[in-house]
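Below, read A as the first sequence line, B as the second, and so on, with proteins coming before strands; counting in each chain starts at 1.
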2 protein chains.
Amino acid sequence: MLTIGGLAAHAGVTVRTVRHYHAKGLLPEPERDHSGYRVYGAEAVVELIRIRTLTAAGVPLARVRALLDAGPEEFAAAVAEIDHRLREEIRVRERHRERIAGLVAGDGLALPVEVTGLLERLRALGVDERIVRIEHDGWILLAAHSPEQAAAWAADKRDQLGEGPLIECYRGLGEALDLADDDPRLAGLADRLAACVERLDVGRAGSLVGEGIEPPLARLLDSLAFDSAPAARRLIGLLRRRGRADRTGIDGGDGRPEAPTRGR
Amino acid sequence: MLTIGGLAAHAGVTVRTVRHYHAKGLLPEPERDHSGYRVYGAEAVVELIRIRTLTAAGVPLARVRALLDAGPEEFAAAVAEIDHRLREEIRVRERHRERIAGLVAGDGLALPVEVTGLLERLRALGVDERIVRIEHDGWILLAAHSPEQAAAWAADKRDQLGEGPLIECYRGLGEALDLADDDPRLAGLADRLAACVERLDVGRAGSLVGEGIEPPLARLLDSLAFDSAPAARRLIGLLRRRGRADRTGIDGGDGRPEAPTRGR
DNA sequence: CTAAAAGGCTGACCCAGCGTCAGGGTCAAG
DNA sequence: CTTGACCCTGACGCTGGGTCAGCCTTTTAG
């Protein structure tokens, strides 16, 4: 006869595990001796080993009892289903491995390489770091929404950077960063920006942004910029009056703080 | 500005998930509006997406915060460690798959094919089903203790079954099953069994059992037989007096019930 | 204008498979 | 008699949220 520790040792499990199986009804509670200790016979060892054989093969505890009592064909069916589950879990982990590998390849975040390339280039061209950061966050939103389109747009935008007008826009925005909401110089900046946008607008500017972006996402992108750059909201308002802002894909609204957006 | 539902929708998670992240300190609690609703800005969406990017790659929540704030080299180190963990989890599941495949190949339990072959043969030779069952359980214990040795022993024993003496022993034991502890016919049976054992003992019988089995396991095997067959204990006692039982690897003790075995 | 649907709030319990105290009692040996 | 190794029950902890329950607020439809 065995105490619980002896039983556990024979089956290669912990005492806690045996008690857990009792509590779950997996292993029947044995008789107790005069002081309340559980007393096991050899069949308990056999039964416990049978249980462990199944759990060691990935069978969930909740199904062990049924499997031990099952006939050959239900057993085979259950095993097939468990094998299916195991394959699924392996697949999930392999996808995870691919993703974390992708994380170190990107900048450690949710960005495709095209976007990190674009951001590098903006920095190299002397664009203000605050603007680069806003771009960065904006691309995270875009990439989360539609990764492959974001990658294509980023590649396209990076190529346009070499051509002049776009980088001028960024420089103008950089100057606006340090101006207060009511600074009189904003008007002049708006003129310059309008000129840049005019020159941009020729060919593929429209394909950059503004198509395929639903209003909720567009509003989100706007508020991202407005939150970080106080003068941006007013600047956009000025641009709109010049009839340009609608072509940048920026919504901008009426230039006043938005009400909360509810639901999805 | 967004409510919690809007935030969740933008990041593709449930509202419950967002609140969970707040509770874990993963995502900072935002301001509340006049009625206690949480109000989020666009940066919260960005941050939530960054969190999801990591969790979707298998990073445990407890490590997400540290990883988001980490520099590139610690990030790379952490990612390497997480990848290691994922590989480990995949390995575990692949071992599980092999094992459940082995389960259907065996008899659905912890037995190697050699043992199931032996049991089949015993049945085919007309050995009492109760004895087959005791053998079955005994092999489970042996296989749990040292699988490869058990397989070898079983193969050896199966081969010996064709040669006569061993199967006679089993038949004798089968008759003993239905006798009470004090039946006078037990003495005659003991004589017949002693003769079988004598003939068995020549060559490799000693290699079957009795070597490499530690006392605790031997006692367990004994009590397995004694519990199922009431006359077995007395029979072994008689055999011992004839000086044979020691060669079967059966301990048998003094023929009286054992005291509990404690510890391991 | 009003009622209903849709969201939001907190708090609490639930899943697996045990690990790990806490706060005792029991047993064998020195 | 003490010490150390076991045993007992009961309860909380971990992961990553799901799912009520009970109540309040906002939006929408009639």
Side-chain angles (χ1 to χ4, degrees), chain A residues 1-27 29-40 44 48 51-52 54-66 82 85-86 89 92-93 96 258-264, chain B residues 1-27 29-40 44 48 51-65 82 85-86 89 92-93 96 216 259-264:
Chain A
M1 308 305 271
L2 298 165
T3 63
I4 197 171
L7 169 67
H10 272 298
V13 303
T14 68
V15 169
R16 179 70 179 90
T17 298
V18 176
R19 286 201 270 248
H20 187 57
Y21 292 172
H22 285 321
K24 289 264 166 181
L26 260 173
L27 193 63
E29 281 274 4
E31 305 286 298
R32 306 294 183 112
D33 70 7
H34 64 95
S35 59
Y37 288 17
R38 293 175 179 86
V39 180
Y40 299 90
L48 182 51
I51 294 171
R52 282 313 284 197
L54 292 181
T55 63
V59 177
L61 290 193
R63 310 199 50 185
V64 165
R65 196 64 257 167
I82 290 164
R85 180 176 59 77
L86 287 174
E89 290 178 7
V92 166
R93 267 128 188 117
H96 283 176
E258 337 119 54
T261 302
R262 315 185 67 83
R264 51 155 314 121
Chain B
M1 307 306 272
L2 299 164
T3 63
I4 197 170
L7 169 66
H10 273 298
V13 303
T14 69
V15 169
R16 178 68 176 94
T17 298
V18 175
R19 286 201 270 246
H20 187 57
Y21 291 172
H22 285 323
K24 290 261 165 183
L26 259 173
L27 193 64
E29 281 274 4
E31 305 284 299
R32 308 293 184 112
D33 70 7
H34 65 95
S35 60
Y37 287 18
R38 293 175 180 86
V39 180
Y40 300 89
L48 182 51
I51 293 171
R52 284 312 284 194
T53 305
L54 291 180
T55 63
V59 177
L61 290 192
R63 309 201 50 183
V64 166
R65 196 63 256 165
I82 289 163
R85 179 175 61 76
L86 287 174
E89 291 178 7
V92 166
R93 273 142 184 101
H96 283 177
T261 301
R262 315 185 68 84
R264 52 155 311 122

Quiz prompt | Spacing between B:I4 atom CD1 and D:dG17 atom C1', to the nearest angstrom | solution = 13 Å

Quiz item: Side-chain contact, heavy-atom cut-off 4.5 Å: A:Y21 with A:L48?
Solution: yes

Quiz item: What residues, two or more places apart in sequence or in another chain, satisfy side-chain contact (heavy atoms from CB on, under 4.5 Å) together with B:R85?
Solution: B:P60, B:I82, B:E89

Quiz item: Which nucleotide, C:dG25, D:dG18, C:dG8, lies nearest any side-chain atom of B:T17?
Solution: D:dG18

Practice problem: Looking at every strand, decide which applies to A:H22 at a 4.0 Å heavy-atom threshold: base, sugar-phosphate, or nothing. | Solution: nothing

Self-check item: By salt bridge (charged side-chain N to carboxylate O under 4.0 Å, His left out) - contacts of A:R52 (at least two apart)
Solution: none

Exercise. Measure the distance from CG on B:L48 to C1' on D:dG17 and round it to the nearest whole Å.
Key: 14 Å

Exercise. Classify the nucleic acid contact of B:R63 as base, sugar-phosphate or nothing, counting any heavy atom under 4.0 Å across all strands shown.
Key: nothing

Self-check item: Reported CG-to-OH distance for the pair A:L2 and A:Y37, which is rounded to 0.5 angstrom
Solution: 15.0 Å

Quiz prompt | Separation of C:dG17 C1' from A:R19 CZ (nearest whole Å) | solution = 15 Å

Quiz item: What distance separates A:H96 NE2 from B:T55 OG1, expressed to the nearest 0.5 Å?
Solution: 8.0 Å

Exercise. Begin from the C-alpha positions of B:R93 and A:R93 and carry the test side chain to side chain contact (heavy atoms under 4.5 Å, CB included) through to its verdict.
Key: CA-CA 10 Å; B:R93 273 142 184 101; A:R93 267 128 188 117; 3.5 Å; yes

Exercise. Nearest whole angstrom, please: distance from the P of D:dC6 to the CG of A:L7.
Key: 15 Å

Exercise. Considering just the side-chain nitrogens and oxygens of B:H34, establish if one lies under 4.0 Å of OP1 or OP2 belonging to D:dC24.
Key: no

Quiz prompt | First of B:T55 and A:G36 reached from the 5' end of DNA chain D, by closest nucleotide | solution = A:G36

Self-check item: Protein-nucleotide distance (A:I51, atom CD1; C:dC18, atom P), rounded to Å
Solution: 11 Å

Exercise. Find the distance A:Y37:OH to D:dC7:P and express it as a whole number of Å.
Key: 8 Å

Quiz prompt | Nearest-Å distance for atom pair CE/C1', residues B:M1 and C:dG7 | solution = 18 Å

Please output the side-chain donor-acceptor pairs of residues 10-20 of chain A that fall under 3.5 Å, not counting sequence neighbours, one pair per line with the distance.
from, atom 1, to, atom 2, distance (Å)
A:T14, OG1, A:T17, N, 3.1
A:T14, OG1, A:T17, OG1, 2.8

Exercise. Figure out the OH/C1' separation between B:Y40 and C:dG7, and round it to whole Å.
Key: 13 Å

With 3.5 Å as the limit, what N/O pairs link the protein to nucleotides 19-22 of chain D?
from, atom 1, to, atom 2, distance (Å)
D:dT19, O4, B:R16, NE, 3.0

Exercise. Using only side-chain N and O atoms of B:S35, determine if any of them is under 4.0 Å from OP1 or OP2 of D:dT26.
Key: yes

Quiz item: Hey, does A:L26 have a side-chain heavy atom less than 4.5 Å from the side chain of A:L61?
Solution: yes

Quiz item: With sugar-phosphate meaning primed atoms plus P, OP1 and OP2, does B:R38 contact a base, only sugar-phosphate, or nothing at under 4.0 Å between heavy atoms?
Solution: sugar-phosphate

Quiz item: What pairs with A:E29 under side-chain hydrogen bond (donor to acceptor under 3.5 Å, both in side chains), at least two apart in sequence or on another chain?
Solution: A:R32, A:R38

Detail all sub-3.5 Å separations between protein N/O atoms and N/O atoms belonging to nucleotides 13-16 of chain D.
from, atom 1, to, atom 2, distance (Å)
D:dG16, OP2, B:L61, N, 3.1

Practice problem: Rounded to the nearest 0.5 Å, what's the gap from CD1 on A:I4 to OH on A:Y40? Could you check? | Solution: 3.5 Å

Quiz item: Quick one: is B:R32 getting a side-chain N or O under 4.0 Å of the C:dT10 phosphate, OP1 or OP2?
Solution: yes

